[in-house]
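Protein chains get the first letters and strands the later ones, always in sequence-line order, with residue 1 at the start of each.
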Amino acid sequence: MKSDKNKLEVTIPDFEPRHIFECGQCFRWNREDDGSYTGVAHGKVLNVLKDGEKIVFDNIVEGDFEAVWENYFDLKRDYSEIEKQLSKLDETMENAVAFGRGMRILNQDPWETLVSFIISANNGVARIKGIVENLSERYGPELGEYKGKMRYGFPEASVISSLDEEDIRVCGAGYRDKYILKAARAVSGNSGWLESVCGLDTEDARSELIRLNGVGPKVSDCILLFSMKKMDTFPVDVWVRRTMEYFYLHKKSSPEEISAFAEAYFGDLKGFAQQYLFHYARQNSIGK
DNA sequence: CTGCAGGGGTAAA
DNA sequence: TTTACCCCTGCA
């Protein structure tokens with residue numbers, strides 16, 4: 001590990017920024033001209049560049065690698081082993097893993113993830129990113145300038161709860177404005193509730209999340225997988241459904257049938273399997 | 001440039 | 001089980 005001021009260079013195996021940031025799990029990371037990515041997470045601005053075997057973290061605050069980023073990037077987990085296990089299942093997984101090698105499942109902030117995936121319903125990635133950015137610029141905290149641009153953190157639930165529907169609508173959220181507002185009021189009015197959901201087992205956490213308006217089976221699974229370390233979930237969206245039907249089920253199947261198959265076939269690794277499959281399918285338009 | 005489908009689901013009928 | 005939903009983006 002080598003450090004400069006605001007810069008930290010670390011050798012990390014299985015770390016490919018493109019696959020981590022463009023596999024559809026996060027919405028606040030953007031590619032720079034030099035191939036690095038700049039993003040905001042947990043109220044911090046960071047730039048990540050892959051330089052051969054080395055990962056260069058820029059704009060990093062002393063101590064934050066251990067305090068924040070090690071967990072955020074899931075660095076304690078052995079992805080080589082996961083990739084090996086999944087690859088030997090069949091040729092599809094072998095291809096999916098080969099394509100997305102270096103992907104990692106992030107540990108994002110539950111509140112931000114909850115809102116982001118409420119927005120994701122019936123929506124494309126480009127627009128989701130725009131809405132999340134608008135919410136942050138209008139109502140989030142200033143985090144200082146980086147590369148000549150002011151950066152903003154995602155607004156707290158208490159801040160959003162004091163807005164009205166129109167304030168959220170102007171960010172481009174469309175009919176989801178009501179859902180976001182209700183979620184903000186539920187979360188800020190029940191202090192500790194969202195944190196307590198993280199502590200429940202997957203089944204119970206899921207039923208809690210689904211009580212929120214705008215959160216159904218798919219959105220709840222994404223929140224569980226991308227912000228609550230519930231790796232035994234298998235979010236079934238249109239891409240995963242098409243891919244699973246195409247490669248495994250060979251017929252039109254309901255999300256429940258697909259989940260059941262995934263449970264039996266991928267077991268404990270189904271969360272990771274989902275992410276490799278989703279990324280592989282979407283980037284290559286498989287099944288469409 | 002204008003027009004028009006279609007989108008990483010969900011709630012309500 | 002089916003249908004409407006905001007509105008931005010992509011592509012005729």
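Atom CD of Q283(A) sits about 8.5 Å away from atom NE2 of H19(A), to the nearest 0.5 Å. Taken to the nearest 0.5 Å, the CG atom of L46(A) stands 9.5 Å off from the CG atom of L8(A).
With rounding to whole Å, I131(A) atom CD1 is found 8 Å from dC7(C) atom C1'. When the P atom of dC7(C) is taken as reference, atom NZ of K178(A) falls 10 Å away, rounded to whole Å. Protein atom CD1 of I119(A) is 14 Å distant from nucleotide atom C1' of dC8(C), rounded to whole Å. Per the geometry, CD1 belonging to I180(A) stands 14 Å off C1' belonging to dC5(C), to the nearest Å.
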- Item | Which nucleotides of DNA chain B pair, in dot-bracket form (Watson-Crick or G-U under 3.5 Å, | meaning another strand) | .||||||.|||||

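Taking atom P on both dA5(B) and dA4(C), the two are 15 Å apart, rounded to the nearest angstrom. When the P atom is used for both dC11(C) and dG8(B), the distance is 13 Å, rounded to whole Å. Distance check on atom P: dC8(C) versus dA11(B) gives 23 Å, rounded to whole Å. Rounded to the nearest Å, the gap between the P atom of dT10(B) and that of dT9(C) is 23 Å.
Proximity of a side-chain donor or acceptor of D109(A) to a complementary backbone N or O of E112(A) within less than 3.5 Å is detected. Put simply, the side chain of R176(A) gets close to the backbone of A173(A): a donor and an acceptor are under 3.5 Å apart. With hydrogens and angles ignored, the 3.5 Å screen pairs no side-chain donor or acceptor of Q275(A) with any backbone N or O of M103(A). At least one donor-acceptor pair under 3.5 Å links the side chain of R104(A) to the backbone N or O of D74(A).
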- Check the pair N47(A) / T38(A) against side-chain hydrogen bond (donor to acceptor under 3.5 Å, both in side chains), numbers first and verdict last. CA-CA 4 Å; N47(A) 176 272; T38(A) 302; 2.8 Å; yes

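Among the protein residues, R176(A) comes within range of the nucleic acid bases, having at least one heavy atom under 4.0 Å from a base atom.
In terms of heavy-atom proximity, M93(A) sits nearest to Y248(A) at CG-OH, 3.4 Å. Shown here for I160(A) and A184(A), the closest heavy-atom pair between the two residues is CG2-CB, 3.6 Å.
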- Sugar-phosphate or base contact per nucleotide [nucleotides 8-13 of chain B; S, B, -; heavy atom under 4.0 Å]: BBSS--

